[in-house]
Amino acid sequence: MGVTAEGYIRQELRADSRCDEACGRRAGAYTGRYSVTSSHIDHVDDTGFTATGDVRDGVLYHEHLVLYRERSGS
């Protein structure tokens, strides 16, 4: 699970190559699929919108978002 610093956006990248993004209290705000090539991630949401990201030093830089790995117990 990735989460923005303030915790407003949370993104789950599941093992079945599906992703789910929550915004605030709105779970499932965006759903879709993703693929990974090396440290690069391509997303296609269920409406066809595409986005890309790169993982650097364990942090996902996803378009305009910076997502940090959620700590256990958060």
| request: If a pair satisfies side chain to side chain donor-acceptor pair (under 3.5 Å) and one of its residues is in residues 44-55, list it, with sequence neighbours excluded. | output: R18-D46, T31-D46, H40-D54, D45-T47, T52-E63

| note | Students should find that the hydrophobic cluster of V44, defined by side-chain heavy atoms under 4.5 Å apart, otherwise consists of none

| Tell me, do I9 and E21 make a side-chain contact under 4.5 Å, heavy atoms counted? | yes

| said: Is there a side-chain contact between V36 and L13 in this structure, where contact means two heavy atoms from C-beta onward sitting under 4.5 Å apart? | reply: no

| 4.5 Å side-chain heavy-atom contact, Q11 and L60 | yes

| request: Would you indicate whether the side-chain heavy atoms of V59 and L67 approach each other to under 4.5 Å? | output: no

| said: Do I41 and V55 have side chains that approach each other closer than 4.5 Å (heavy atoms only, starting at C-beta)? | reply: yes

| query | Shared ILVMFWY cluster between Y68 and Y61, side chains joined below 4.5 angstrom? | reply | yes

| query | If you count the non-hydrogen atoms of other residues, nucleotides and ligands that lie under 6.0 Å from OH in Y30, is the total more than 12? | reply | no

| query | Ion pair present between E70 and R10, side-chain N to carboxylate O less than 4.0 angstrom? | reply | yes

| field | Qualifying residues under side-chain contact (heavy atoms from CB on, under 4.5 Å), relative to A29, sequence neighbours excluded | value | C23, R26

| task | Taking all non-hydrogen atoms of both residues into account, name the closest pair between H43 and Y34 and its distance. | result | CD2-CB, 3.8 Å

| When rounded to the nearest 0.5 angstrom, what is the spacing between CG in D42 and CZ in R33? | 10.5 Å

